[in-house]
Novice: 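Below: one structure in structure tokens.
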Amino acid sequence: MRTHIHDSPSVKNHLPMLKVFDSSLRLFAVPLSVATIWITVTNNQDNSIYGMLKYSNLLGLKYMVFVSALCAAYALVAAACSWVRYVVSKAWIFFISDQIVAYLLVTSVAASMEIHYLAYNGAKEDSWSEACSIYGRFCSKVKLAFILQMITFLCFIILAVISAFRAFSLFDPPSVTAQEMQEDRY
């Protein structure tokens, strides 16, 4: 018996809602990414003893800005393309690209988390002292950018699941014969 997931009435009723949710989530990620970029790029603090600290001094923050820009651009393009019938039929394109963006966001979150940890705690075994007592405002903005990046990451995890559902729902489940079920029991 062949069953197709799109033939089910409950799935047909939910697909337009899923499409709206997908597009909304993509559009929600854009201002989050733009805010992450703006907060990070404008973040600097001067200290009379230690000098100026700005985002460009830290490679992890530059990487976070790059990934946020890529994420915002992709989210806009994908949201627009999700309403074009020809592109929507290419579920694998969304699946693969959502996975790539989600993984890039994982690496970006990891890099910014490392900077955040070292700034607040230091690395005494490497003779690095914590910097947030000296550059408190800078650290607060890094923390805010990190939180925004985490929310963007969560959006793309959900989008990756949605695109995986769309891509894999195009296929019928594997058929199992009665004989194979009997063999599996023993």
Side-chain angles (χ1 to χ4, degrees), residues 2-43 54-56 58-117 140-174:
R2 289 183 57 100
T3 59
H4 197 68
I5 196 160
H6 292 295
D7 295 340
S8 166
S10 64
V11 172
K12 277 187 176 181
N13 292 337
H14 294 298
L15 284 178
M17 285 179 30
L18 187 62
K19 187 176 182 179
V20 169
F21 181 65
D22 179 88
S23 297
S24 300
L25 212 50
R26 290 179 193 283
L27 292 175
F28 182 68
V30 173
L32 289 171
S33 295
V34 171
T36 300
I37 294 167
W38 181 76
I39 290 169
T40 305
V41 170
T42 61
N43 192 9
K54 47 189 170 182
Y55 96 98
S56 59
L58 302 166
L59 189 59
L61 292 181
K62 286 198 248 182
Y63 181 67
M64 185 171 70
V65 167
F66 170 75
V67 170
S68 292
L70 185 71
C71 178
Y74 168 71
L76 272 175
V77 169
C81 288
S82 69
W83 291 97
V84 176
R85 180 171 293 278
Y86 175 74
V87 179
V88 171
S89 65
K90 307 296 183 196
W92 285 99
I93 294 171
F94 286 108
F95 173 68
I96 292 170
S97 54
D98 285 349
Q99 295 293 318
I100 291 169
V101 172
Y103 284 119
L104 284 172
L105 282 165
V106 166
T107 60
S108 173
V109 165
S112 60
M113 189 180 335
E114 179 184 20
I115 290 169
H116 182 263
Y117 177 82
S140 295
K141 284 188 171 185
V142 168
K143 186 177 190 177
L144 179 58
F146 171 71
I147 291 168
L148 292 173
Q149 190 79 342
M150 278 296 297
I151 296 169
T152 306
F153 168 66
L154 292 175
C155 290
F156 269 92
I157 288 296
I158 295 168
L159 286 167
V161 170
I162 291 170
S163 63
F165 170 76
R166 283 188 175 153
F168 291 108
S169 67
L170 297 174
F171 301 99
D172 291 332

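For reference, positions follow the sequence shown, starting with 1. Excluded from the calculations below are hydrogen atoms, water molecules and symmetry mates; all remaining heavy atoms, backbone and side chain alike, are included.
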Novice: Flag the pair Leu70 / Val101 as yes when at least one side-chain heavy-atom distance between them is below 4.5 Å, and no otherwise.
Specialist: no
Novice: Rounded to the nearest 0.5 Å, how far apart are CZ of Phe28 and OG of Ser33?
Specialist: 10.5 Å
Novice: State, with a plain yes or no, whether a side-chain heavy atom of Asp22 is found less than 4.5 Å away from one of Leu18.
Specialist: no
Novice: Tell me if a side-chain donor or acceptor on Ser108 pairs with a main-chain N or O of Leu104 at a distance below 3.5 Å.
Specialist: no
Novice: Does Lys141 NZ have over 12 foreign heavy atoms under 6.0 Å away?
Specialist: yes
Novice: So which heavy atom on Ile115 is nearest to which on Leu61, and how close?
Specialist: CD1-N, 3.5 Å
Novice: Report yes if the side chains of Gln99 and Phe95 come closer than 4.5 Å at any heavy-atom pair, otherwise no.
Specialist: yes
Novice: Over 60° means perpendicular and under 30° means parallel, so classify the ring planes of Tyr74 and Phe156, tilted if in between.
Specialist: tilted
Novice: Just so I know, are the side chains of Phe94 and Ile162 near enough to count as touching, which here means a heavy-atom distance under 4.5 Å?
Specialist: no
Novice: Taking all non-hydrogen atoms of both residues into account, name the closest pair between Ala160 and Asp98 and its distance.
Specialist: CA-CB, 4.1 Å
Novice: Report yes if the side chains of Val65 and Thr36 come closer than 4.5 Å at any heavy-atom pair, otherwise no.
Specialist: no
Novice: Which heavy atom of Val106 sits nearest a heavy atom of Phe153, and at what distance?
Specialist: CG2-CE1, 3.1 Å
Novice: Distance from Ser163 atom OG to Ile93 atom CD1, nearest 0.5 Å?
Specialist: 12.0 Å
Novice: Between Ser23 (side chain only) and Val20 (backbone N and O only), is there a donor and an acceptor less than 3.5 Å apart?
Specialist: no
Novice: Starting at CG of Leu32, measure out to CE of Met150 and round the result to the nearest 0.5 Å.
Specialist: 12.5 Å
Novice: Could you tell me which non-hydrogen atom of Ala72 sits nearest to which non-hydrogen atom of Val30, and how far apart they are?
Specialist: O-CG2, 3.8 Å
Novice: Which atom names give the shortest non-hydrogen contact between Leu148 and Ala35, and what distance separates them?
Specialist: CD1-CB, 3.8 Å
Novice: What heavy-atom pair brings Ala111 and Gly60 nearest, and what distance separates the two atoms?
Specialist: CB-CA, 4.2 Å
Novice: Distance only, no hydrogens: is a donor on one side chain within 3.5 Å (strictly under) of an acceptor on the other, for Gln149 and Ser112?
Specialist: no
Novice: Working to the nearest 0.5 Å, report the span between CD1 of Ile39 and CG of Leu144.
Specialist: 4.0 Å
Novice: To the nearest 0.5 Å, what is the distance between CG (Leu25) and OG1 (Thr152)?
Specialist: 10.0 Å
Novice: Let me confirm one number: the CZ-SG distance from Arg26 to Cys71, rounded to the nearest 0.5 Å.
Specialist: 10.0 Å
